[in-house]
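Okay, structure first, notes after.
First the proteins, then the strands, lettered A, B, ... as listed; each starts at 1. The analysis underlying the following values was restricted to heavy atoms, covering all of them including side chains, and did not include hydrogens, waters or symmetry mates. Bear in mind the structure is a predicted one, so any value in this text is a computation, not a measurement.
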Amino acid sequence: MDAKRRMGGPMLGGASQAKRGKPGTEWEDSPSQFEEELAQFDDVDMEMESGEGQAGELFSAALNPRWRRPAAPPLLPHTDTLVFQQIDLDYYLGSAVAGMPGQVEGKVPVIRMFGVTDSGNSVCCHVHGFAPYFYVPAPVDFTSSHLSEFQKELNSAVLKDMRSNKDNISVTVLAVDLTRKESMYGYHGNRLVDFLRITMAMPRLVAPAKRILEQGFKFDNFTTQGYPAYEANIDFEIRFMVDSGMVGCCWVELPKGKYSLREERSGTSDLCCPVDVGWTDLISHPAEGDWQRISPLRVLSFDIECAGRKGVFPEAEVDPVIQIASMVQCQGEKEPFVRTVFTLQSCASIVGSQILCFSQETMLLQSWAEFVRTVDPDIITGYNIQNFDLPYLLNRAATLKVNLFPYLGRVRGIKSVLKDSTFQSKQVGRRESKTVNMEGRVQFDLLQVLLRDYKLRSYTLNAVSFHFLQEQKEDVQHSIITDLQNGNDQTRRRLAVYCLKDAYLPLRLLQKLMCVINYMEMARVTGVPLTYLLSRGQQIKVVSQLLRQAMKQKLVMPVVKSDGGEDYVGATVIEPVKGYYSVPIATLDFSSLYPSIMMAHNLCYTSLLQKGQAEKLGLSADEFIKTPTGDLFVKASVRKGLLPEILENLLSARKRAKADLKMETDPFKKQVLDGRQLALKISANSVYGFTGAQVGKLPCLEISQSVTGFGRQMIEQTKQLVESQYTIANGYQADAKVIYGDTDSVMVKLGVTSVEEAMKLGTEAAQWVSSHFVMPIKLEFEKVYYPYLLINKKRYAGLYFSSSTQHHDKMDCKGIETVRRDNCPLVANLINTCLQKILIDRDPGDAVGHAKEVISDLLCNRIDISQLVITKELTRSAQEYTGKQAHVELAERTPSITTWNSSCPNLSCASLSPFWEKRRLSVCYSVSRPVRARACKTPGSLTAVY
DNA sequence: GGGTGTGGAAAT
DNA sequence: ACTTATTTCCACACCC
């Protein structure tokens, strides 16, 4: 159901009108532009290696030397230091390795880091001796003499709690230590108190131990009591990374003499170098200077084709996989060095690519798995591979009993299995998805990346490619794939070209959007593994940073039960003075408003004064502040907050990155720096959200409410300041008027007539207003709108002046139909043209005329049906769009007889209702369609009051 | 993360 | 029983 949509149908919004190449030269037999591109790649003799024409059954990696990684230089642990960039990190339970620290008996948790060296060799590093732990406050009168009894009792309580003991665990609690810590939640006088640090044998024992302690635990002569747990909900990987000072994708150094090389080399990936090291012996380098570089990662992009039955979506239990195209590229290089298609049955050659033909599907699958293991990619990409290609391949291999297929990771013996998972977050909503484990390889499904990071009208590969690359898929209708397969080696060749392109496009997109670089920078900045960025939400990133900062001050993070549901007051939107402004409107913005507020007022968990604390601690009035919500926080002079510190680090790092970016000349390094500054900005902004997430790891409404409270106060104050200062009475040309404002910005009519004056006065005003606020809060002049059409709250348009006083940079539209994806293209185009006529040509009469004309065209059937499709139904979710809706044929041009999904009888609705001065133009039209071919009733209403 | 307008569906 | 006009509600997609 959630499968890839493979039609390049005409209904794909804007992309549909795109024409590929020169129209006159588009003959079926002439090679496509893509084929020419393929042919121009280096090493055009690649097909010499191809198995074309042979049985193909005798597949051998040895015949394809280019697939392998470069030969690893000899490595001598006693004289060579091993340096690699860590790409992925997980842990497993295994037996202890002789000579390594940590528990010796039973199963021990081992951290496994996968990485790549500068020379492009892969490393699998097993880190030993690190065990999970958490804290509880020590009870009153507890001394170190009680430690062993506490440990003994807790150990037996956890053992008793286990329903089964498959692993035959004898020791659950490895250690209990007394340590001086302080809770990070609330200010309590900078006093370290006794905490018990409880170290468990395995990560999965932490939760039961926590529960037992919370519910009431008795030992020795102490009374039964509940112990609130601290840091018992931290992922083991994050725990390790925080404690070892390691961030995502950082460079790791294993000093000579401190690690050992494993004798057995992994058979599935014999170039992956397995080493063992003690967790305190490894050195992780902060991503600074030379350590910002990126290793030559291998990126594999692939796409599969299957021969479906007519009108039925392919099912792995029935329909065969007929082709798999793969492209492999090194990060940082321009083009893929492996371009290959595995086909079922013969296939004519394609210049610039290698074709391997198989007569049996089982061999095709098995060989492709072998290919993956040989290529040993660090990153696997493709389009919707997570929910379609990979599950399909695994299911198909299972159906055909290709038992050697599902070993796609870098660890020998670990089977790749399909799991259903429901990922839930505010960002993407609840989404059912599938996951396939591939240890050591990062799955970078481009569709998932796009869904996360980009708002698009359509998420089909075709539309996305057109949007970002001005390129489209090869023209093969989904419905004819089976026919092409059943044809001859020429028709299968056509399919192969199509398939190759579908593997190539994700690679190009990945490059164009700099996904790998940006995600790596995000991993480095926030300290989480790369994989977390795609599989987890925003919270874990803040937790990672919070823990790092807290550790330095001996602060520990409580585990809080999330209780949601109180009324929450957010930002203010100033009531707009709606209308058309034919004078320049200056826009002033608070830069990084929420982070600035938190820094300026030292808002943090550690500075929060809970009820009665101020009196209890005897704080004087100048030692704390009262926020607009009435909450109290101590000043930085009493205790500097963690969150302000994190924010300062992020924002100063961003400033540095931006400065470096200006100096840098190398385009590749520039990309890295730009990705870095972006990651830093996003991270700074997510700190506020973290404190306000009511179902989060550590919500603190006092903080988030105070932040928005300050924000509301500031926006009101700004309005008053500007309107009271810039007046005729004070010698200015006119009385300034704030006509609108949202959260962190105000739009001011300064009463000047030119853009230049507006910029000058706007800059002055911003500076003047800033002086009324606490550092680092700063109001900045942003831009001038001239003219400006203010339709409503969050809905406006204007010509945007920023870089020049003479020419506008763009026509800026916010919230209007032109930028919304839930309208059909016709509406967007109509409104856009009208706005142009109003704002650029300054001829509203023409705008009305145009609208009438379009409506008339609509009534008279002169408009392409693709323009009428409501995108809302189709873009509701990409899954629907890429799968279920695929069969909806919209090629039909006759609007009167169209079969349509009964759930969306209304095909189109155009509306235009801008306020222009006092005259109101409103155009409404709707076409209702019957469910099935019946007479079409077209109730249209057209009202123009002008 | 909350605030907002919008259109369609359900409720009235 | 059915249609129609109005209100209420909610999902959605946007703004910041």
Side-chain angles (χ1 to χ4, degrees), chain A residues 425-430 451 454-457 537-539 541-542 564-576 578 587-598 629 681-682 684-696 699-701 703-709 711-712 714-715 740-747 780 782-783 790-798 812-824 827-828 831 870-878 880 902-915 922 924-928 939 941:
Chain A
S425 88
K426 273 277 157 58
Q427 195 186 334
V428 295
R430 197 172 151 279
L451 285 172
Y454 297 89
K455 286 201 174 298
L456 301 173
R457 289 193 132 80
Q538 298 289 327
Q539 289 213 30
K541 298 195 269 185
V542 184
E566 274 172 67
D567 275 354
Y568 199 98
V569 193
T572 301
V573 183
I574 295 175
E575 193 56 42
K578 299 169 194 169
T587 305
L588 314 180
D589 287 33
F590 286 105
S591 53
S592 308
L593 179 70
Y594 288 177
S596 305
I597 290 175
M598 295 174 88
T629 46
K681 183 188 172 180
I682 296 170
N685 285 329
S686 62
V687 172
Y688 154 76
F690 179 77
T691 66
Q694 278 147 314
V695 277
C700 181
L701 295 195
I703 298 175
S704 55
Q705 288 287 27
S706 295
V707 170
T708 55
R712 287 191 298 275
M714 283 161 56
I715 209 83
Y740 179 55
D742 185 349
T743 314
D744 63 353
S745 65
V746 286
M747 317 293 197
E780 285 174 337
E782 275 277 317
K783 68 233 172 189
L790 181 52
I791 297 168
N792 214 335
K793 281 179 179 176
K794 304 191 192 268
R795 312 190 120 231
Y796 59 83
D812 205 16
C813 300
K814 298 289 179 194
I816 302 173
E817 280 79 352
T818 49
V819 297
R820 292 180 66 93
R821 295 172 297 169
D822 53 358
N823 279 97
C824 63
V827 176
I831 305 285
I870 275 198
T871 48
K872 194 201 271 178
E873 278 302 315
L874 297 175
T875 52
R876 177 160 296 151
S877 80
E880 278 177 33
S902 60
S903 67
C904 69
N906 296 314
L907 263 187
S908 84
C909 176
S911 77
L912 170 69
S913 52
F915 292 82
S922 98
C924 249
Y925 182 77
S926 71
V927 183
S928 293
S941 73

Rounded off to whole Å, could you give me the [atom1]-to-[atom2] distance for the [X] and [N] pair?
X	N	atom1	atom2	result
A/K794	B/dT6	NZ	P	13 Å
A/I715	C/dC15	CD1	C1'	13 Å
A/N685	C/dC15	CG	C1'	14 Å
A/Y594	C/dC15	OH	P	17 Å
A/L790	C/dC15	CG	P	14 Å
A/E575	B/dT4	CD	P	9 Å

Would you please confirm or rule out a distance under 4.0 Å between OP1 or OP2 of B/dG2 and any side-chain N or O of A/R712?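 Result: no.
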Whether A/K793 contacts B/dT4 is assessed here as follows: a side-chain N or O lying under 4.0 Å from the phosphate OP1 or OP2. Is that the case?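 Checking A/K793 against B/dT4: at least one side-chain N or O falls below 4.0 Å of OP1 or OP2.
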Salt bridge (Lys or Arg N to Asp or Glu O under 4.0 Å) partners for A/K793, two or more places apart: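 A/K793: salt bridge (Lys or Arg N to Asp or Glu O under 4.0 Å) contacts with A/E575.
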List the residues meeting side-chain contact (heavy atoms from CB on, under 4.5 Å) with A/S596, not counting sequence neighbours, and say none if there are none.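 Per chain and number, A/S596 pairs via side-chain contact (heavy atoms from CB on, under 4.5 Å) with A/S592, A/I777.
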NA contact type, A/F590, heavy-atom cut-off 4.0 Å: base, sugar-phosphate, or nothing?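 Since no nucleic acid heavy atom lies under 4.0 Å of A/F590, the category is nothing.
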How long is the gap from CZ on A/R712 to OG1 on A/T629, to the nearest 0.5 Å?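 So the CZ of A/R712 and the OG1 of A/T629 are separated by 8.0 Å.
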Find out whether A/V819 and A/K814 are in side-chain contact, i.e. whether some heavy atom of one side chain is under 4.5 Å from a heavy atom of the other.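 Contact flag for A/V819/A/K814 side chains = no.
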By nearest atom, which of the nucleotides C/dC15, B/dG3, B/dT6 is closest to the A/V573 side chain?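 Comparing C/dC15, B/dG3, B/dT6 against the side chain of A/V573, the answer is B/dG3.
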